[in-house]
Amino acid sequence: MSGLISYVIALIGPLTITPAITLIGLWLYPVAIHFSSPNWILSLVTILVVTVCSQVLQKIPFPFFSIDFKEKSVTRQSIYIFRLFPILISVLIVWFGTFICTELDVFPSNATDIGYKARTDSKSWVIETTPWFRIPYPFQWGWPTFSIAGAAGMTAGVIASILESIGDYYAAAKLSGAPPPPRHAINRGILMEGIGCLTAGIFGSGNGTTSYSENVGAIGITKVASRRVVQVSVIFMLVFGCCTKVGAIFVTIPDPIIGGLFFCMFGMVTSVGLSSLQFIDLNSPRNLFVLGLSFMLGMAVPQWMSDNSDTLLVDNVDVNRFIKLILGTSMFVGALVGFLLDNVLPGTKKERGLSSWSKDHGSSTNVEIYQLPYISRFLTSKVWSYVPFLYSVNSND
């Protein structure tokens, strides 16, 4: 709301965004391995099916006939189903195949065996124990409490989350074919994430609300970035959140299928981060040094923090927890190193990629897609340009 983040954005270029986005995908590979480990064959089959549906079959049209009763005519149209629903179709295909394998006892039936999680009935208890309906309400787990340690930990998490969100905004814009988000749009995005976290805390959801890198990867695979799709998805999530029995069905998707999807989505996020290198001079030793050090420290420092979680960096417990949470976030460390080196080491704007990077920034013809719907036409006064998260048609942002 204060717009403080916009002052930092002015100094952010490709050498900051590249390690931030790329490390989001690279650092999450243990999650994909964890979900895939019960049955690597099933995970690889999922990757294969997603690859075929999203990359090979996406250009194959399927006939669709619509009937106009007034005109008494039938119209034939072509719908590219695999382009619209590659993930959904892939999951349904592999899920059905896994169900057949489960019925034939191809996978272990012993719950202590790691391969048991590949069965479609390994989580059947979730459907059985979940109530049909559950309406969340504020403070259902009691009134909130405050502690210095908790506040320090959350502050560190929020700082890291903000930087990750900025990277996700740029990645989502690139995958959507949109120009890089202007400052007022990023300010508004961070503001809404803060409101979402506040609402989540009031309802006791147990997690914050922030941008999700997996969804950014899903945009790249499905090629669907329509706001209407997101809005309809929100309605479905609200319904499933109250009709918990329906939502529990999706929880029963075997872990290896989820792992295969994660590999595809995290890989897409990683490649989007690397695509920002097109703006910089890759023949420059300066840029290669900044990139290499950003990636290495972005991977090494969080790994050291994880391996030495009991080590006290400072005497104060709360400060120690704050530092560990910050330095334990790969994309934050990598982006911070890239940000500092890119702005400290001498280099021209062309060499750093800032000239090409900023071409679409500040163009009123391009930032219109980031305007608020319905009310933007009323924001014609210059006064609105001083509100950090709003766009005025008379402003230069």
Side-chain angles (χ1 to χ4, degrees), residues 5 8-33 155-175 180-181 186 189-190 193 210-217 220 262-263 265-282 284-309 313 322-345 347 351-354 357:
I5 193 67
V8 180
I9 295 174
L11 302 175
I12 291 179
L15 288 174
T16 303
I17 295 298
T18 296
I21 300 177
T22 304
L23 288 172
I24 291 173
L26 292 178
W27 190 249
L28 290 174
Y29 79 89
V31 179
I33 292 177
T155 301
V158 167
I159 293 175
S161 177
I162 288 175
L163 186 58
E164 179 182 357
S165 294
I166 294 175
D168 286 339
Y169 296 163
Y170 279 96
K174 186 172 184 60
L175 286 172
I186 293 179
I190 300 299
E193 290 189 16
T210 183
S211 57
Y212 201 48
S213 303
E214 287 84 341
N215 290 339
V216 178
F262 279 169
F263 274 115
M265 294 178 181
F266 296 159
M268 181 62 69
V269 173
T270 302
S271 61
V272 170
L274 293 175
S275 67
S276 298
L277 295 177
Q278 63 182 301
F279 298 103
I280 71 172
D281 181 7
L282 288 176
S284 168
R286 170 197 181 275
N287 292 344
L288 296 179
F289 177 81
V290 173
L291 281 174
L293 195 57
S294 300
F295 280 119
M296 288 302 297
L297 291 180
M299 298 291 288
V301 173
Q303 185 63 50
W304 187 89
M305 290 293 172
S306 177
D307 296 339
N308 300 272
S309 57
L313 302 177
F322 178 87
I323 295 176
K324 284 191 172 183
L325 283 172
I326 287 291
L327 298 183
T329 307
S330 178
M331 66 288 297
F332 177 83
V333 176
L336 179 63
V337 173
F339 175 82
L340 293 176
L341 292 179
D342 188 33
N343 286 279
V344 171
L345 298 180
E351 181 184 17
R352 298 167 60 190
L354 295 179
W357 180 261

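Taken from OG in S294 to CG in L341, the straight-line distance is 6.0 Å, to the nearest 0.5 Å. Separation of atoms CG (N287) and CZ (F279) is listed at 14.0 Å; rounding is to 0.5 Å.
Nearest heavy atoms, L291 versus I280: CD1-CD1, 3.8 Å. For the residue pair F262 and A32, the shortest heavy atom distance occurs at CB-CB, 3.8 Å.
Every side chain to side chain donor-acceptor pair (under 3.5 Å) that E351 has, sequence neighbours left out, goes to S284. Partners of F339 by ring-ring contact (aromatic ring centres under 6.0 Å, His included), not counting sequence neighbours: none found. D342 pairs by the side chain to side chain donor-acceptor pair (under 3.5 Å) definition with R286, R352, not counting sequence neighbours.
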(request) Any chance you could lay out the side chain to side chain contact (heavy atoms under 4.5 Å, CB included) test for F295 and V337, step after step, and finish with the verdict? (result) CA-CA 9 Å; F295 280 119; V337 173; over 6 Å; no
Taking only distance into account, with no hydrogens and no angle test, what donor-acceptor pairs under 3.5 Å do side-chain atoms of residues 9-31 form with protein atoms, sequence neighbours excluded?
{"residue": "T18", "atom": "OG1", "partner": "P14", "partner atom": "O", "Å": "2.7"}
{"residue": "T22", "atom": "OG1", "partner": "T18", "partner atom": "O", "Å": "2.7"}
{"residue": "T22", "atom": "OG1", "partner": "L274", "partner atom": "N", "Å": "3.4"}

Compile the donor-acceptor pairs under 3.5 Å between side chains in residues 298-307 and protein atoms, sequence neighbours left out, one pair per line.
{"residue": "Q303", "atom": "NE2", "partner": "D307", "partner atom": "OD1", "Å": "3.1"}
{"residue": "Q303", "atom": "NE2", "partner": "D307", "partner atom": "OD2", "Å": "3.3"}

